[in-house]
A.B. asks: 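First the structure, which I've put down as structure tokens, then a few questions once you've had a look.
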Number of protein chains: 2
Amino acid sequence: MNVEASTDTVKRNGTTVCAPAEPMPPVPTDEREANDLLARLAKAFAHPARVAILRMLVRQEGCIVGDIVDEVPLAQSTISQHLKQLKDAGLIRGEVDGPRVCYCVEPGVVALFKALVAAL
Amino acid sequence: MNVEASTDTVKRNGTTVCAPAEPMPPVPTDEREANDLLARLAKAFAHPARVAILRMLVRQEGCIVGDIVDEVPLAQSTISQHLKQLKDAGLIRGEVDGPRVCYCVEPGVVALFKALVAAL
DNA sequence: AACGTTCATCGTCGATGTACGATGAACGCG
DNA sequence: CGCGTTCATCGTACATCGACGATGAACGTT
């Protein structure tokens, strides 16, 4: 059976939305801490698939894993691994929605990354 | 014989300066290219030592490898490897200065990285 | 020409990253 | 309850990273 049950241009995510976002964490004053943090966040962006995933999440403000699997040409397990890396870096958050999982950007952490890069 | 020949608070880099900088490369219009490029640059920042090195270079506008080896607690060969990665990413440029090598930031590429991140 | 200094490269080793298929856990539905 | 869907995790295989010491190449100095 196909996924197309209700409409023909379904986006799986439907109405799933995210919990309220956290505020932006502070930029470390200590330079070594700032370096470590920037490196950790940069590492999360160090793969094209993860950049693509994060862009998707930024665009549509919450997204089901299946949507990502449809758009990124990688196996489902591989995408799940990339999502885990993004989550471990604090850049995204996953919320269970029945049998599915909705991933959302953590805008504060993205803003922190932008701030760290802009301060280079 | 020590390096301290002329002054006692020597910075090895002395008067070594960099060639004029290149302008900022264009931000790719194709999203996949932008993702690849951002991932490639982010990977260069994905290690604290490389962030520290780049910060040094930004601060003092041109730097001798020995200065970096003095400030970063890693073996000389390891630092050379990190410099190579930064160079391969296009973020820095090395110019031979007698027996030494002066590394300089490529400000256009740094600006490109900032632009790509800011556009997230 | 011989030497010391400076830096890059090589070889090695363990750790981590990336990809996949297979399996498992959680959930809604019939 | 049994079943299909959805996603995470496991196990595996290969590539790359990150660190080091040792060696080599380029250069200035003596």
A.B. asks: Between C/dA8 atom P and B/E95 atom CD, what is the distance in whole Å?
C.D. replies: 13 Å
A.B. asks: A/I92 CD1 to D/dA8 C1': how many Å, rounded?
C.D. replies: 13 Å
A.B. asks: Would you indicate whether the side-chain heavy atoms of A/L38 and A/F113 approach each other to under 4.5 Å?
C.D. replies: yes
A.B. asks: Just how far is it from atom CD1 of A/I68 to atom CG of A/L57, taken to the nearest 0.5 Å?
C.D. replies: 5.0 Å
A.B. asks: Calculate, to the nearest 0.5 Å, the distance between atoms CG and CG belonging to B/N35 and B/L116 respectively.
C.D. replies: 9.0 Å
A.B. asks: Between atom CD1 in A/I53 and atom C1' in C/dA19, what is the gap in whole Å?
C.D. replies: 13 Å
A.B. asks: Taking all heavy atoms of B/M24 and all of B/L112, pick out the closest pair and write down the distance.
C.D. replies: SD-N, 3.6 Å
A.B. asks: One thing to verify: whether A/R32 and A/D36 come together as a salt bridge, which I'm taking to mean a side-chain N less than 4.0 angstrom from a carboxylate O.
C.D. replies: no
A.B. asks: Would you give a per-nucleotide map of nucleotides 17-22 of chain D, 5' to 3', where B means the base has a protein non-hydrogen atom under 4.0 Å away, S means only the sugar-phosphate does, and - means neither?
C.D. replies: SSBBBB
A.B. asks: Show the distances under 3.5 angstrom between N or O atoms of the protein and N or O atoms of nucleotides 24-26 of chain C.
C.D. replies:
none

A.B. asks: Mind listing the closest non-hydrogen atom pair of A/R55 and B/A119 along with its distance?
C.D. replies: NH1-O, 4.4 Å
A.B. asks: Can you tell which of C/dT9, D/dC7, D/dA8 lies closest to the side chain of B/K84?
C.D. replies: C/dT9
A.B. asks: Please report the distance, rounded to the nearest Å, between CZ in B/R100 and P in C/dA8.
C.D. replies: 14 Å
A.B. asks: Counting only side-chain N and O atoms of B/Y103, is one of them less than 4.0 Å from OP1 or OP2 of C/dA8?
C.D. replies: yes
A.B. asks: Which whole-number value in Å describes the distance from A/I64 CD1 to C/dG28 P?
C.D. replies: 13 Å
A.B. asks: Could you give the side-chain donor-acceptor pairs of residues 39-49 of chain B under 3.5 Å, partners two or more places apart or in another chain?
C.D. replies:
{"from": "B/H47", "atom 1": "ND1", "to": "B/A49", "atom 2": "N", "distance (Å)": "3.0"}

A.B. asks: Distance check needed: C/dG17 P versus A/I79 CD1, whole Å only.
C.D. replies: 18 Å
A.B. asks: Salt-bridge test for A/E31 and B/R59: reply yes if a basic N is under 4.0 Å from a carboxylate O, no otherwise.
C.D. replies: yes
A.B. asks: Answer yes or no: is there a side-chain heavy-atom contact under 4.5 Å between A/L83 and A/V101?
C.D. replies: no
